[in-house]
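These notes are about the structure you will find just below.
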Amino acid sequence: MILKGGAVGGGGLAAHLRSEENDSVEIVQAEGLLSRDIAGAVAELRARGVGITAKPVFHTAISAAPGQKWGEAEQRQAVAAFVKEFGLEGVPLLVVRHQKDAQGVGRDDHLHVVASRIDERGRVISDAFTRVRHEKVARCLEHTLGHPLTIGKHNRAVMAALRREGRADVADWMAAAGAHTAPR
(Lines give C-alpha, C1' and ligand atoms only; values in the text may rest on other atoms or scores of the structure.)
Protein backbone atom coordinates (compact mmCIF):
# COMPACT_ATOMS: atom_id res chain seq x y z
CA MET A 1 0.00 0.00 0.00
CA ILE A 2 1.20 3.48 -0.72
CA LEU A 3 -0.20 6.62 0.89
CA LYS A 4 1.22 10.03 0.17
CA GLY A 5 0.13 13.60 0.48
CA GLY A 6 -0.37 16.17 3.18
CA ALA A 7 -1.81 19.55 4.05
CA VAL A 8 -2.38 21.81 1.05
CA GLY A 9 -4.00 25.09 0.14
CA GLY A 10 -5.99 23.23 -2.48
CA GLY A 11 -5.74 25.82 -5.25
CA GLY A 12 -5.10 23.42 -8.13
CA LEU A 13 -6.55 20.36 -6.50
CA ALA A 14 -9.93 20.33 -8.25
CA ALA A 15 -8.25 20.49 -11.66
CA HIS A 16 -5.94 17.62 -10.72
CA LEU A 17 -8.83 15.49 -9.48
CA ARG A 18 -10.83 16.08 -12.69
CA SER A 19 -7.78 15.69 -14.93
CA GLU A 20 -8.27 14.30 -18.41
CA GLU A 21 -5.12 12.20 -17.88
CA ASN A 22 -7.41 9.72 -16.17
CA ASP A 23 -9.37 7.12 -18.05
CA SER A 24 -12.10 7.52 -15.48
CA VAL A 25 -12.84 9.77 -12.51
CA GLU A 26 -15.53 8.84 -10.00
CA ILE A 27 -16.66 10.36 -6.71
CA VAL A 28 -17.02 7.37 -4.39
CA GLN A 29 -17.73 9.20 -1.15
CA ALA A 30 -18.78 12.72 -0.18
CA GLU A 31 -19.57 13.47 3.45
CA GLY A 32 -20.62 16.76 5.00
CA LEU A 33 -20.56 18.58 1.67
CA LEU A 34 -23.39 20.36 -0.11
CA SER A 35 -21.77 20.17 -3.53
CA ARG A 36 -21.78 16.88 -5.40
CA ASP A 37 -19.20 17.84 -8.01
CA ILE A 38 -15.44 17.88 -7.50
CA ALA A 39 -14.85 21.61 -8.06
CA GLY A 40 -17.65 22.63 -5.72
CA ALA A 41 -16.63 20.14 -3.03
CA VAL A 42 -12.98 21.27 -3.06
CA ALA A 43 -14.13 24.91 -2.92
CA GLU A 44 -16.24 24.10 0.15
CA LEU A 45 -13.33 22.37 1.85
CA ARG A 46 -11.03 25.31 1.14
CA ALA A 47 -13.62 27.83 2.36
CA ARG A 48 -13.81 26.17 5.79
CA GLY A 49 -10.24 27.31 6.46
CA VAL A 50 -10.49 30.93 5.33
CA GLY A 51 -8.90 33.11 7.99
CA ILE A 52 -7.77 30.06 9.96
CA THR A 53 -4.91 28.47 8.01
CA ALA A 54 -3.18 28.73 4.64
CA LYS A 55 -3.44 24.93 4.25
CA PRO A 56 -7.05 24.06 5.08
CA VAL A 57 -7.23 20.80 3.11
CA PHE A 58 -5.70 17.40 3.68
CA HIS A 59 -5.07 15.57 0.39
CA THR A 60 -3.78 12.00 0.36
CA ALA A 61 -3.50 9.58 -2.55
CA ILE A 62 -3.92 5.91 -1.65
CA SER A 63 -2.96 3.07 -3.96
CA ALA A 64 -2.12 -0.59 -3.77
CA ALA A 65 1.52 -1.50 -4.26
CA PRO A 66 2.55 -1.88 -7.92
CA GLY A 67 1.04 -5.06 -9.35
CA GLN A 68 -1.19 -5.57 -6.30
CA LYS A 69 -4.95 -5.71 -6.93
CA TRP A 70 -7.48 -4.38 -4.44
CA GLY A 71 -11.23 -4.29 -4.40
CA GLU A 72 -13.81 -1.76 -3.26
CA ALA A 73 -14.05 -3.26 0.25
CA GLU A 74 -10.28 -2.90 0.69
CA GLN A 75 -10.43 0.64 -0.65
CA ARG A 76 -13.13 1.54 1.89
CA GLN A 77 -11.02 -0.03 4.63
CA ALA A 78 -7.99 2.01 3.52
CA VAL A 79 -9.96 5.26 3.61
CA ALA A 80 -11.36 4.43 7.05
CA ALA A 81 -7.88 3.63 8.42
CA PHE A 82 -6.48 6.90 7.04
CA VAL A 83 -9.39 8.94 8.45
CA LYS A 84 -8.97 7.34 11.88
CA GLU A 85 -5.19 7.83 11.99
CA PHE A 86 -5.43 11.53 11.21
CA GLY A 87 -8.48 12.23 13.39
CA LEU A 88 -10.66 13.23 10.46
CA GLU A 89 -13.81 11.53 11.71
CA GLY A 90 -16.79 13.82 11.28
CA VAL A 91 -15.11 16.43 9.09
CA PRO A 92 -16.30 17.02 5.53
CA LEU A 93 -14.45 14.87 3.04
CA LEU A 94 -14.41 13.76 -0.56
CA VAL A 95 -13.06 10.50 -1.97
CA VAL A 96 -12.33 10.33 -5.69
CA ARG A 97 -11.28 7.19 -7.59
CA HIS A 98 -8.94 7.56 -10.55
CA GLN A 99 -8.26 4.92 -13.16
CA LYS A 100 -5.23 5.66 -15.28
CA ASP A 101 -4.03 3.79 -18.33
CA ALA A 102 -6.62 1.06 -18.02
CA GLN A 103 -6.00 -0.08 -21.59
CA GLY A 104 -2.19 0.28 -21.59
CA VAL A 105 0.17 -1.11 -18.99
CA GLY A 106 -2.71 -1.66 -16.60
CA ARG A 107 -1.96 0.80 -13.82
CA ASP A 108 -4.49 0.05 -11.13
CA ASP A 109 -6.96 2.54 -9.80
CA HIS A 110 -6.10 4.73 -6.86
CA LEU A 111 -8.00 6.98 -4.50
CA HIS A 112 -7.68 10.61 -3.53
CA VAL A 113 -9.00 11.53 -0.11
CA VAL A 114 -9.60 15.24 0.32
CA ALA A 115 -10.69 16.33 3.78
CA SER A 116 -11.08 19.50 5.77
CA ARG A 117 -8.34 20.13 8.33
CA ILE A 118 -10.79 22.25 10.32
CA ASP A 119 -12.65 20.35 13.03
CA GLU A 120 -16.17 21.06 14.32
CA ARG A 121 -14.77 23.58 16.82
CA GLY A 122 -12.90 25.56 14.16
CA ARG A 123 -9.46 24.22 15.13
CA VAL A 124 -6.82 23.03 12.70
CA ILE A 125 -6.29 19.25 12.71
CA SER A 126 -2.57 18.48 12.98
CA ASP A 127 -0.67 17.02 10.08
CA ALA A 128 2.48 16.30 12.14
CA PHE A 129 4.61 13.32 11.10
CA THR A 130 2.48 12.78 8.00
CA ARG A 131 4.94 10.52 6.18
CA VAL A 132 5.49 8.21 9.13
CA ARG A 133 1.76 8.05 9.82
CA HIS A 134 1.02 7.30 6.16
CA GLU A 135 3.51 4.43 6.24
CA LYS A 136 2.06 3.14 9.52
CA VAL A 137 -1.44 3.05 8.03
CA ALA A 138 -0.08 1.32 4.93
CA ARG A 139 1.78 -1.36 6.89
CA CYS A 140 -1.27 -2.08 9.09
CA LEU A 141 -3.45 -2.42 5.99
CA GLU A 142 -0.95 -4.69 4.26
CA HIS A 143 -0.80 -6.89 7.35
CA THR A 144 -4.58 -7.01 7.78
CA LEU A 145 -5.35 -7.56 4.09
CA GLY A 146 -2.61 -10.13 3.52
CA HIS A 147 -0.75 -7.95 1.03
CA PRO A 148 3.03 -8.18 0.73
CA LEU A 149 5.06 -5.74 2.81
CA THR A 150 6.09 -2.55 1.04
CA ILE A 151 9.40 -1.35 2.45
CA GLY A 152 9.11 2.32 3.36
CA LYS A 153 11.61 5.03 4.26
CA HIS A 154 10.56 5.23 7.91
CA ASN A 155 10.47 1.57 8.92
CA ARG A 156 12.10 1.97 12.34
CA ALA A 157 9.88 4.89 13.32
CA VAL A 158 6.78 3.04 12.10
CA MET A 159 7.71 -0.09 14.04
CA ALA A 160 8.33 1.93 17.23
CA ALA A 161 4.97 3.71 16.85
CA LEU A 162 3.19 0.41 16.26
CA ARG A 163 4.69 -1.09 19.42
CA ARG A 164 3.68 1.98 21.47
CA GLU A 165 0.13 1.68 20.14
CA GLY A 166 -0.21 -2.02 20.94
CA ARG A 167 0.27 -3.27 17.38
CA ALA A 168 3.32 -5.43 18.05
CA ASP A 169 1.82 -8.00 15.67
CA VAL A 170 2.39 -5.65 12.73
CA ALA A 171 5.81 -4.52 14.01
CA ASP A 172 6.89 -8.16 14.43
CA TRP A 173 5.65 -8.95 10.91
CA MET A 174 7.71 -6.05 9.57
CA ALA A 175 10.77 -7.20 11.54
CA ALA A 176 10.41 -10.77 10.26
CA ALA A 177 10.48 -9.35 6.72
CA GLY A 178 13.67 -7.39 7.49
CA ALA A 179 12.08 -3.93 7.36
CA HIS A 180 14.17 -2.69 10.29
CA THR A 181 17.42 -3.48 8.48
CA ALA A 182 16.38 -2.25 5.03
CA PRO A 183 18.14 0.87 3.80
CA ARG A 184 16.24 4.09 4.44
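Positions are given from 1, in the same order as the sequence printed here. The model shown is predicted, which means the values in this text are computed figures rather than measured ones.
- The closest side-chain heavy-atom distance from E135 to V137 is not below 4.5 Å.
- Sorted by first and then second residue, the salt bridge (charged side-chain N to carboxylate O under 4.0 Å, His left out) pairs involving residues 163-172 (not counting sequence neighbours) are K136-E165, R163-D172, R167-D169.
- Residues L162 and I2 do not share a hydrophobic cluster, defined by chaining ILVMFWY side chains whose heavy atoms lie under 4.5 Å apart.
- Expressed to the nearest 0.5 Å, how far CD of Q77 lies from OG1 of T144 amounts to 6.0 Å.
- A single hydrophobic cluster is not seen to contain both I62 and L17; linkage of ILVMFWY side chains at heavy-atom distances under 4.5 Å, directly or through other members, places them apart.
- For E26, the side chain to side chain donor-acceptor pair (under 3.5 Å) partners are R97, not counting sequence neighbours.
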* Criterion side-chain contact (heavy atoms from CB on, under 4.5 Å) on L33 and L94, from CA distance to verdict -> CA-CA 8 Å; L33 298 164; L94 176 71; 4.1 Å; yes
* Check the pair L88, S116 against side-chain contact (heavy atoms from CB on, under 4.5 Å), reporting the backbone distance first and the verdict last. => CA-CA 8 Å; L88 301 171; S116 174; over 6 Å; no
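- For S35 against E44, the heavy-atom pair with the smallest separation is N-OE2, 2.5 Å.
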* Asked: Could you walk me through whether D109 and Q75 pass the side-chain contact (heavy atoms from CB on, under 4.5 Å) check?
  -> CA-CA 10 Å; D109 58 345; Q75 291 174 359; 3.2 Å; yes
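- The two atoms that bring T130 and G6 nearest to each other are CG2-CA, 4.2 Å, heavy atoms only.
- Taking 4.5 Å as the limit, every side-chain heavy atom of P148 sits out of range of all side-chain heavy atoms of E142.
- Side-chain atoms of H110 and Q99 form no donor-acceptor pair, as typed in the model, at a separation below 3.5 Å.
- The distance from atom CG of L13 to atom CZ of R46, rounded to the nearest 0.5 Å, is 9.0 Å.
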Listed pairs under 3.5 Å, donor-acceptor, residues 52-61 side chains, sequence neighbours left out:
unit_1 : atom_1 : unit_2 : atom_2 : d
T53    : OG1    : K55    : N      : 3.2
H59    : NE2    : H112   : ND1    : 2.8
T60    : OG1    : H134   : NE2    : 3.0

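- Here the side chains of L45 and V91 are not in contact, with every heavy-atom distance at 4.5 Å or above.
- A distance-only check finds a donor-acceptor pair linking the side chain of N155 to the backbone of A179 [under 3.5 Å].
- Note that the CZ atom of F82 and the CG atom of L3 stand 7.5 Å from one another [nearest 0.5 Å].
- The closest side-chain heavy-atom distance from I118 to R123 is not below 4.5 Å.
- For the pair I38 and A14, the tightest heavy-atom approach, listed with the atom from each and the gap, is CG2-O, 4.0 Å.
- Side-chain contact check for V158 versus V132: some heavy-atom pair is nearer than 4.5 Å.
- Cluster membership for V113 and V96, using ILVMFWY side-chain heavy atoms within less than 4.5 angstrom, is not shared.
- Within the 3.5 Å criterion, the main-chain N or O of L141 finds no donor-acceptor partner in the side chain of H147.
- Looking at E72, Q68, E74 one by one, the single match for side-chain contact (heavy atoms from CB on, under 4.5 Å) with W70 turns out to be E74.
- Following chains of ILVMFWY side-chain contacts shorter than 4.5 Å, one cannot reach V25 starting from L111, and the two form parts of different hydrophobic clusters.
- Residues I27 and V95 are not in side-chain contact: their nearest non-hydrogen atoms beyond the backbone lie 4.5 Å or more apart.
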* To do: Any chance you could lay out the side-chain hydrogen bond (donor to acceptor under 3.5 Å, both in side chains) test for E31 and Q29, step after step, and finish with the verdict?
  => CA-CA 7 Å; E31 294 183 12; Q29 186 177 347; 2.5 Å; yes
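- Looking only at distances, a side-chain donor or acceptor of R133 sits under 3.5 Å from a matching main-chain atom of E85.
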* To do: Any chance you could lay out the side-chain contact (heavy atoms from CB on, under 4.5 Å) test for V114 and L93, step after step, and finish with the verdict?
  => CA-CA 6 Å; V114 185; L93 69 85; over 6 Å; no
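- M174 and L145 sit in two unconnected hydrophobic clusters of ILVMFWY residues. Membership requires side-chain heavy atoms under 4.5 Å apart, directly or through other members.
- Between the R139 side chain and the M1 main chain, a donor and an acceptor come within less than 3.5 Å of each other.
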